[in-house]
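Structure first, commentary second.
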Amino acid sequence: MILLPIIIIGVSIALSIPLGRYMARVLDRESPNNAIERLIDTGQQPWKSYCYAMLLFNVVVFVFGFSVLATQEWHPAFLNPDNKGMLSPSTIFNTACSFLTNTNLQHYSGEVHLSYGSQLFAIMFKQFVTPAIGLAALLAVTRGLRGEQNLGNFYLDLWRGTIYIMLPLSVIVGVLLIAGDVPMTFQGNANATMLSGGEQSIARGPVAAVVAIKQLGTNGGGFFGPNSAHPFENPNAWTNVLECVCIILIPMSCLVMFGRMIRNMPHAAVIFGVSLAILTVLTVWGIYHDTVKPNMGLAVGPPIMGADGKPYQVTTLNADGQTEQMLLPEHATRERIGLPVTQDTGNLEGKELRFGPGAGPTWAAATTCTSNGSVNCMHDSLNPLAGLTPLGGMWLNCAFGGVGVGLINMLIYLIIAVFLSGLMVGRTPEYLGKKVEAKEMKLAALTLLVHPILILAPLGLFAAAGWLDASTNNPGAHGFSEGVYEFTSSSANNGSGFEGLGDTYGFHNKDKNPSPPAPFAPHWDIACGLVMILARFIPIIAPIALAASLAAKKPTPFNSGTLRTDTVTFGCVLLGTILLVGALMFLPVAALGPMAEHFGPLPFGR
């Protein structure tokens, strides 16, 4: 189980180095390189013009996506072969916000509620352009940090990120997924006759195309409701490794690109090492508390006895391949439905056994350290303390993070670490030769505080209004954790969920829904949609303004008293700042949720 994360992280690091160099070469060109680029280029933009262009483009994309979803029932037959109806207005708003912000939070089930037209034009189109927007924001911040007054051209950066990075990588990964038996078709649902004689309708579609960009662009929104736990999205162990590598590949490459753009690879290596340390610790924590530890709800039941009052015996294979009888292990218990359950491989609830026991926590760490949000197991079924792995990754929201924006979040922590270090030694803080003063710290503090405010404020409102308790599928601390996770995922632009939460309304025509709409689904749709919008654009615009402020200052010459940011010592300071600030912001919520569940009464605690 330890070999799997080693392979995934090792392969990702190896591939990120050449990819990061390629990204720096094709994305950081000063002038247009061909006729299309010359047509797109409107000239160099200062930071305000860059942000205006970015916001204008996002408004256009939001209106387009909303319109596609709202007109779903009128899509032509080849794009809607199963005659999907219109979604509820609140779900359309939530989905338009979700995929605009690279969050991909899904208050619907893709194979049930969306036509192929919606999957391709409202979902997959945004999955290409939204990571490219994050990449463009990183390019603007990096240019400001290296002293440029003009931060480039947003439209040109967007084009290059989409055409030179996202599109070719998606084609390569899509072909590999098709080779791994992921479906790719525009035919409607397949009808099959079951052994019992009944008929079953099997959903399918252009799955490989959606999954490729879903993973590469830290998007996470799956074609199917179960996401990459579904055998059509993730059929086998080979596709599982491929998809998990794709989650962290481009965020890692962004750090290599950053180092080459500022011409300071040792500094980028320090940031890379800190991010890698956080990812490694969260991965090990998740595996230990979920794969090594049993499901405590099943580990405390009475021993399984037969009708004669004696322990059951089971038939097993010994080392020589011969059958032999042995007693059922003592830690086996009887589940509620009467099945014997052994837990030699830890907690298997909500896991896909075709991937192996350690694959779920490994993926959970990767998908939440980045802002991907796809899943290959049910995070709601993780052991309580293992649930801190995805929550912790999203609370810190800086260990590699989403495409472009993850490194921007890390740079905010870095500015704070530099500021604190300067105060401790009695010098004016400096970063990359520029003094960090009051204006920069205000912008950094704004960026940092938006995240916890957008989690805790709506969570408190829903708890006080009674909407949280009425929406949860579990009592007590775990139900509280479901609400915490939903707003954390929205604010971190992640999109994964503790899926016991009732947040799905479905089709606007209630009679077409396979199950009744959740009572407070519109409340969750609107609240999470607003959180996603604010959490996306404030932490992008404020750092761009911060970088522009530093760019306007005169460089300070390096001397013996300058704080070096390319040493192991500074890496430890940066890591300590991240953990200290993160603990201060989110430790109380962790205590009320996963920790309370772990230490609380059975069957939900230990």
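Note that the coordinates shown come from a computational prediction; the quantities given were computed from them, not determined experimentally.
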To check you understand the geometry: which heavy-atom pair defines the closest contact between [X] and [Y], and what is its length?
X    : Y    : value
N372 : K214 : ND2-O, 3.3 Å
T472 : G479 : CG2-O, 3.2 Å
P131 : M166 : CB-CE, 3.7 Å
A399 : S275 : CB-O, 3.8 Å

Next item on the list: Output the distance between atom CG (N376) and atom NE2 (H230), rounded to the nearest 0.5 Å.
Entry: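 The distance works out to 14.0 Å.
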Contact between [X] and [Y] at the side-chain level, heavy atoms closer than 4.5 Å - yes or no?
X    : Y    : result
L563 : P429 : no
M124 : F99  : no
C377 : F355 : no
L407 : I271 : yes
T218 : I250 : no
M532 : N493 : yes

Between the main-chain N or O of [Y] and the side-chain N or O of [X], is there a donor-acceptor pair closer than 3.5 Å?
X    : Y    : value
R354 : P235 : yes
W285 : L385 : yes
Y164 : Y22  : no
D290 : L382 : no
S491 : F487 : no
N104 : G495 : no
T239 : N236 : yes
Q215 : E243 : yes

Margin query: Suppose we screen for ring pair (Phe, Tyr, Trp, His ring centres under 6.0 Å). Which residues come up paired with H267, at least two apart in sequence or across chains?
Written below: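 Here the qualifying residues are Y431.
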Notebook entry, point to check: According to the salt bridge (charged side-chain N to carboxylate O under 4.0 Å, His left out) rule, which pairs have a member within residues 440-460, sequence neighbours left out?
Noted result: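 Applying salt bridge (charged side-chain N to carboxylate O under 4.0 Å, His left out) to every pair that reaches into residues 440-460, excluding sequence neighbours, yields E440-K553.
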Checklist line | Partners passing side chain to side chain contact (heavy atoms under 4.5 Å, CB included) against L592 (at least two apart in sequence or in another chain) | finding: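 Counting only residues at least two positions away or on another chain, L592 forms a side chain to side chain contact (heavy atoms under 4.5 Å, CB included) with F480.
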Next item on the list: Decide, yes or no, whether a salt bridge links D28 with R260 under the criterion of side-chain N to carboxylate O below 4.0 Å.
Entry: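 So D28 does not pair with R260 through a salt bridge.
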Note to self: Counting the benzene-type ring for Trp, do F223 and F232 have ring centres under 6.0 Å apart?
What the structure shows: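 Between F223 and F232, the centre distance exceeds or equals 6.0 Å.
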Notebook entry, point to check: Are H478 and F498 an aromatic pair by the rule of ring centers under 6.0 Å?
Noted result: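 Close enough - the centres of the two rings lie under 6.0 Å apart.
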